[in-house]
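Input: a single structure, listed below in structure tokens.
As the structure is a computational prediction, the values presented were derived from the model and not from experiment. Below, chain A is the first sequence line, B the second, and so on; all start at residue 1.
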Amino acid sequence: MKVHFFNSDGREMQEFKPITEGKVGIYCCGPTVYNYAHIGNMRPYTFEDVLRRTLEYAGYDVTHVMNVTDVGHLTDDGDEGEDKMIKASREKGMSVWDIAEFFTEAFFRDTDRLNIRIPHQVCKATEHIQEMIDLVRTLEEKGYTYTAGGNVYFDTSRFPSYGKMAGLDKQDLQHGARTAVDENKKNAQDFVLWFTNSKFEKQAMTWDSPWGVGYPGWHLECSAMSSKYLGPHFDIHCGGIDHVPVHHTNEIAQSEAANGCKWVNYWLHNEFIIMKNGKMSKSKGGFLTLQDLVDKGYDAMDYRYFLLGGHYRSQLVFSWESLDAARSARESLIRKTIQLKKSSTPAAVESFSPEARKVMDDFISHISQDLNTPRCLADMWSTLKNSELQDGEKLGLLLEMDKIMGFRLAEAEETEESPEEPLDKEIEDLIGQRQEARKNRDFAAADKIRDDLLARGIQIIDSPDGVQWKKI
RNA sequence: GGCGCCGUACCCAAGCGGCUAAGGGAGUGGAUUGCAAAUCCAUCAUUCAGCGGUUCGAGUCCGCUCGGCGCCUCCA
């Protein structure tokens, strides 16, 4: 199974070739845990989950590493910035450590609800300060740094290929267009490796270093931790497309300067989720969290379905209408899967008929072509409609495809209609009364009971197997 | 000012030079049902923002126009 990805470095489709046969190391930029993640933030983790599942399906031994930024991420990159963690701490009246723990837990609750697998290695910035200091020291020894105004800067003029991936050399950048220019910098694109000259009051998180007490620049952690867990040269680095010009550009510069070798072979970047009136962002306010969707009655998996309905490199516009469509489709997919489970047992992959084999191969070729999840979704539906397949094969195919899509089809059961709630007795009685009325062909009374229950959020569903109900 | 992306049916969205333009949602007609729900069958773009060009052949490549969006040190 050959896998192709669009590599941001070079901006072209490339066949994936691992550095070490049979193995692949992936590093993903993780959350900065100073607030709840909004639904746009969940896109990269969802696409990375599909990436990982695809590579695992292809037989690779995957090592998936993700950082948790719990320090050093400034509201801007100049000396005027404020650490996001500290800002949140001040605003919420909690210690920075509690803030980090609280929002880290919230983050993993969300990824779990989206059926996103936990990375093999989740590393916190605050637990790798020494590695970051070592990295800065290496850069210093190799002459890539300078100190000014108390801070240690990376000298981008010493790194000729700076900004190559982002195409920065071709751009006429308007520096200071949105932030104040840092007068200490020799070059506009230089960035801070270590802060000691903090203007922040009550800086809660500081560490001793060869340059004085301070804290790391926020690009440092990804370079330091990825090298620690994946080595100085690894296969895939993922993140949001917004990271290309600055964060990833700086990561490449400091990593390659320090390690003296190529750092990452494949860069995969996801596009943004857009709201109708433009992009969703924390600073603009009004962002939605996964919990907001759940509170409105959606299943978190509806959002996963929505995300996979668009290609990860295309902007996807979020709207309630689209989420409704995703919910309808997903619920239908689950229902049909349950039906198949009732009527058959899943065929094993090894015993697939030629037709089933072909359907599976098509699916594989689509996911292998830069994770074409919309096409893969279509493949799932085509499988259901394929009259040349036996039910057992359809089920086997769907479960096999779901190893990559991750809609939890294997666990799908008729639990939604399970009468196990406290109000059971009363509802059972009402349903019994309604059945009695129906038997007597008193449909007015029967419908009244159904309407009353519906008003209370209980939906009655008549089926050949009897009456079922569920909360809505 | 610079860099880049997009415009496909009512909505979302694949397609990246060549069979009758995937798939989902919504809708419509029919079957089934006391009625609903679910399910099943059928139906739903002679056309891909517009105009030129390249080609035997173009949503698919090139140019221009119109429209929408992102980035250029907060951002996934």
Value in whole Å for how far the [atom2] atom of [N] lies from [atom1] of [X]:
{"X": "A:Leu377", "N": "B:rG25", "atom1": "CG", "atom2": "P", "value": "10 Å"}
{"X": "A:Leu290", "N": "B:rA76", "atom1": "CG", "atom2": "P", "value": "16 Å"}
{"X": "A:Met275", "N": "B:rC75", "atom1": "CE", "atom2": "P", "value": "20 Å"}
{"X": "A:Gln189", "N": "B:rC3", "atom1": "CD", "atom2": "P", "value": "15 Å"}
{"X": "A:Asn270", "N": "B:rG70", "atom1": "CG", "atom2": "P", "value": "16 Å"}
{"X": "A:Glu331", "N": "B:rG24", "atom1": "CD", "atom2": "P", "value": "16 Å"}
{"X": "A:Arg450", "N": "B:rU33", "atom1": "CZ", "atom2": "P", "value": "16 Å"}
{"X": "A:Asn35", "N": "B:rA76", "atom1": "CG", "atom2": "C1'", "value": "14 Å"}

Quote, to the nearest angstrom, the [atom1] distance that separates [N] from [M].
{"N": "B:rA49", "M": "B:rC12", "atom1": "P", "result": "14 Å"}
{"N": "B:rG23", "M": "B:rA9", "atom1": "P", "result": "16 Å"}
{"N": "B:rG7", "M": "B:rA14", "atom1": "C1'", "result": "15 Å"}
{"N": "B:rG4", "M": "B:rA21", "atom1": "P", "result": "34 Å"}
{"N": "B:rA38", "M": "B:rC48", "atom1": "C1'", "result": "35 Å"}
{"N": "B:rU39", "M": "B:rG59", "atom1": "C1'", "result": "36 Å"}
{"N": "B:rA76", "M": "B:rC40", "atom1": "P", "result": "42 Å"}
{"N": "B:rA26", "M": "B:rU33", "atom1": "C1'", "result": "23 Å"}

For this session: Tell me which of A:Gly240 and A:Pro245 sits closer to the 5' end of RNA chain B, going by the nucleotide each one is nearest to.
Result: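 Mapping each residue to its closest nucleotide by heavy atoms, the 5'-most match is A:Pro245.
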For this session: Tell me which of A:Ile460 and A:Asp324 sits closer to the 5' end of RNA chain B, going by the nucleotide each one is nearest to.
Result: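 Whichever sits nearer the 5' end wins; that is A:Asp324.
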Would you kindly say whether [X] and [Y] are connected by a side-chain donor-acceptor distance under 3.5 Å?
{"X": "A:His237", "Y": "A:Glu251", "answer": "yes"}
{"X": "A:Gln433", "Y": "A:Gln435", "answer": "no"}
{"X": "A:His366", "Y": "A:Asp379", "answer": "yes"}
{"X": "A:His38", "Y": "A:Thr289", "answer": "no"}

For this session: Establish, with yes or no, whether the OP1 or OP2 oxygen of B:rG24 is under 4.0 angstrom from a side-chain nitrogen or oxygen of A:Lys385.
Result: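 So the side chain of A:Lys385 is within the cut-off, an N or O lying under 4.0 Å from OP1 or OP2 of B:rG24.
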Exercise. Where do A:Leu288 and A:Met275 come nearest, in terms of heavy atoms and distance?
Worked result: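 Shortest heavy-atom contact: CD1-CE, 3.8 Å.
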Exercise. At their closest point, which heavy atom of A:His64 faces which heavy atom of A:Cys28, and how far apart are they?
Worked result: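 Taking A:His64 first and A:Cys28 second, the nearest heavy atoms are NE2-SG, 3.5 Å.
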From the options [options], select the nucleotide whose nearest atom is closest to the side chain of [X].
{"X": "A:Trp381", "options": "B:rG23, B:rU39, B:rC69", "answer": "B:rG23"}
{"X": "A:Gln339", "options": "B:rU39, B:rA76, B:rG24", "answer": "B:rU39"}
{"X": "A:Ser332", "options": "B:rC35, B:rU39, B:rA76", "answer": "B:rU39"}
{"X": "A:Asp462", "options": "B:rA26, B:rU39, B:rA36", "answer": "B:rA36"}
{"X": "A:Tyr45", "options": "B:rC71, B:rA76, B:rG24", "answer": "B:rA76"}
{"X": "A:Lys336", "options": "B:rG70, B:rG23, B:rU39", "answer": "B:rU39"}

Problem set entry | Parallel, tilted or perpendicular, as decided by the 30° and 60° cut-offs, for the rings of A:His248 and A:Trp267 |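 Answer is tilted, since the angle falls between 30° and 60°.
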For this session: For A:Arg335, report the nucleic acid contact type (base, sugar-phosphate, nothing); a contact means any heavy atom under 4.0 Å.
Result: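 Sugar-phosphate, no base atom in range.
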For this session: Indicate, with a heavy-atom threshold strictly under 4.0 Å, whether A:Lys439 touches base, sugar-phosphate, or nothing.
Result: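 Result for A:Lys439 = nothing.
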Problem set entry | Ring centroid separation A:Phe107 to A:Tyr45 under 6.0 Å |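 Yes: the rings meet the under 6.0 Å criterion.
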Exercise. Quick check, are the ring centers of A:Tyr305 and A:Phe407 under 6.0 angstrom apart?
Worked result: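 Yes, they do, as the ring centres are separated by less than 6.0 Å.
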Problem set entry | B:rA76 pyrimidine/purine six-ring stacking with A:Phe272, under 5.5 Å and 30° |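 The ring of A:Phe272 is stacked on B:rA76.
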Exercise. Do A:Asp447 and B:rG34 share a donor-acceptor pair, side chain to base, under 3.5 Å?
Worked result: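 Counting by modelled atom types and ignoring angles, a donor-acceptor contact under 3.5 Å is found here.
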For this session: Indicate, yes or no, whether a donor-acceptor pair under 3.5 Å links the base of B:rG34 to the side chain of A:Arg438.
Result: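 Under the 3.5 Å cut-off, the side chain and the base do form a donor-acceptor pair.
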For this session: Toss me the dot-bracket line for RNA chain B: Watson-Crick and G-U wobble, both under 3.5 Å, 5' to 3', using | for pairs to another strand and [ ] for crossers.
Result: ((((((((.[[[..)..(....]]].(((((.......))))).....[[[[[..)....]]]]])))))))....
For this session: Starting at the 5' end of nucleotides 5-20 of chain B, put B wherever the base has a protein heavy atom under 4.0 Å, S where only the sugar-phosphate does, and a dash everywhere else.
Result: ------SSSSS-----
For this session: Report, as yes or no, whether the 6.0 Å neighbourhood of atom CD on A:Gln390 holds more than 12 heavy atoms from other residues, nucleotides or ligands.
Result: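 Not buried by this count: 12 neighbours or fewer within 6.0 Å.
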Exercise. So among A:Asn250, A:Thr249, A:Asp155, A:Thr156, which one has a side-chain hydrogen bond (donor to acceptor under 3.5 Å, both in side chains) with A:Tyr162?
Worked result: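 Running side-chain hydrogen bond (donor to acceptor under 3.5 Å, both in side chains) over A:Asn250, A:Thr249, A:Asp155, A:Thr156 with A:Tyr162 returns exactly one hit, A:Asn250.
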For this session: Determine if the base of B:rG59 is syn or anti; take syn to mean the glycosidic torsion is within 90° of 0.
Result: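 Syn, since the glycosidic angle lies within 90° of 0.
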Exercise. So does A:Asp49 pair up with A:Arg304, basic N to acidic O under 4.0 Å?
Worked result: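 A salt bridge is present here (some side-chain N lies under 4.0 Å from a carboxylate O).
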